Amino acid sequence: MKKEKIWLSSPHMGGKEQQYINEAFDKNWVAPLGPNVSGLEEDIQDFLFTENTIKGQVAALSSGTAALHLALILLGVKRGDEVICQSMTFAASANPIAYLGATPVFIDSECDTLNLSPEYLREAVIDRIKKGKKPKAIVAVHLYGMPYKVDEIHTIAAEYDIPVIEDSAEALGSSYKGKKCGTFGDIAVLSFNGNKIITTSGGGALISKTMEHKKRAVYLATQARDDAPHYQHSEIGYNYRMSNICAGIGRGQMRVLDDRVKERRKMNSFYEQIFKNNSEIKVQKEPTNDYFCNHWLSVIFFKSGPNQFSKEGLRLHLEKENIESRPLWKPMHMQPVFADAPFYGSNEAEDLFLRGLCLPSGSNLTEEDRGRISKSIQNYIN
Ligand SMILES: *Cc1c(COP(=O)(O)O)cnc(C)c1O
């Protein structure tokens with residue numbers, strides 16, 4: 001009999017989600033608005049912004065991709081513009097740039113955090129300005145929950161006065177120098193897709209510094225209706241608001257977010273332990289104490305050059321035992337669909353992609369699951 005599948009990252013309900021959904025049914029708030037939507041926005045706001053900081057504004061949306069799309073619109077990105085984007089990321093960071101007819105300019109990674117290289121970012125900004133087009137925005141990603149080099153990246157952005165869209169889709173619960181990810185960008189984005197650290201089955205949020213931005217995001221997300229008794233529109237709108245049912249799941253999930261972060265970090269320590277005496281394989285870790293990673297996914301790297309073990313070898317070995325693992329995000333500058341987009345860098349992201357593997361990281365993995373994973377890995381490397 002085939003053993004039960006161990007997933008990379010699967011939904012993990014906390015128990016209170018159903019209660020919020022029942023309330024929505026009881027009061028017939030089965031709609032893309034209602035008390036769960038505003039409740040979830042407040043929960044996220046309270047989580048991200050501590051007592052004595054200026055609170056950002058949260059708009060709950062139908063997906064992280066929708067939030068990125070609206071973020072670009074709020075920053076005035078139009079056809080023919082250029083937007084800088086981290087190359088090593090999930091396609092959703094870059095696709096909305098193309099929705100608007102703008103061109104993504106991809107930047108290589110540095111290997112401390114896998115994220116935007118400050119060096120190549122600066123080179124790209126200078127070169128694009130020299131070529132006559134100042135980039136309209138920078139999409140910076142906290143990949144696998146690891147904060148990007150916040151100080152360096154935001155210093156460059158400020159120097160050239162380019163707004164940052166902080167793609168924090170994978171980094172809810174992470175922080176940098178004690179400040180939560182999702183609070184750094186001019187606009188930040190969260191995702192509550194089914195595989196993320198918490199989920200609403202599908203959903204996202206846009207975090208902005210001003211109420212004007214939030215209001216405009218909600219207006220665009222609800223078909224851009226003018227203030228009139230009839231349906232009147234002066235702009236193209238979208239259907240991007242989160243439903244009150246999904247938001248109910250989100251409210252339940254927010255109550256257990258801190259536990260989920262603990263569990264994911266425990267999975268990372270578990271892999272640290274497995275590979276601690278292995279000279280061929282390294283587990284990704286926080287570069288300094290400034291970084292606090294939710295370890296949404298735990299990542300390992302195989303040594304470069306010819307060796308006996310490979311990420312693909314391990315992946316196939318685990319697959320045979322019904323354990324899911326996955327290569328890192330294939331960099332966008334290597335994707336057929338973005339073959340014509342400019343790229344600044346060398347081969348850092350490509351090298352990380354070739355050597356890296358994501359291992360099962362779910363907060364709902366059991367002691368028995370860990371036993372199976374550990375045994376399977378040991379069998380491969382011994
Ligand atoms: C998941 C994800 C998104 C998109 O979120 P959806 O809610 O799936 O649309 C964007 N960026 C990154 C880095 C992601 O991992």
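Keep in mind it's a predicted model, so treat the numbers as computed, not measured. All residue numbers refer to positions in the sequence shown, counting from 1. Whatever order the structure lists them in is the order used to number ligands and atoms, beginning at 1.
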Amino acids in close contact with ligand 1, where any non-hydrogen atom sits under 4.0 angstrom away:
S63, G64, T65, L68, T89, F90, A92, S93, V141, D167, A169, E170, S191, N193, K196, G203

May I ask you to decide if the ring planes of H142 and F184 are parallel, tilted or perpendicular, using 30° and 60° as cut-offs?
perpendicular

Can you classify the ring geometry of Y99 versus H69 as parallel (below 30°), tilted (30 to 60°) or perpendicular (above 60°)?
perpendicular

How would you list, by chain and number, every residue that makes a ring-ring contact (aromatic ring centres under 6.0 Å, His included) with F302, sequence neighbours excluded?
none

Aromatic rings Y240 and Y238: how do their planes relate, parallel, tilted or perpendicular, breaks at 30° and 60°?
parallel

Tell me, please, which residues at least two apart from R128 pass side-chain hydrogen bond (donor to acceptor under 3.5 Å, both in side chains).
E82, Y344

Contacts of E321 meeting salt bridge (charged side-chain N to carboxylate O under 4.0 Å, His left out) (sequence neighbours excluded), chain-then-number -> none

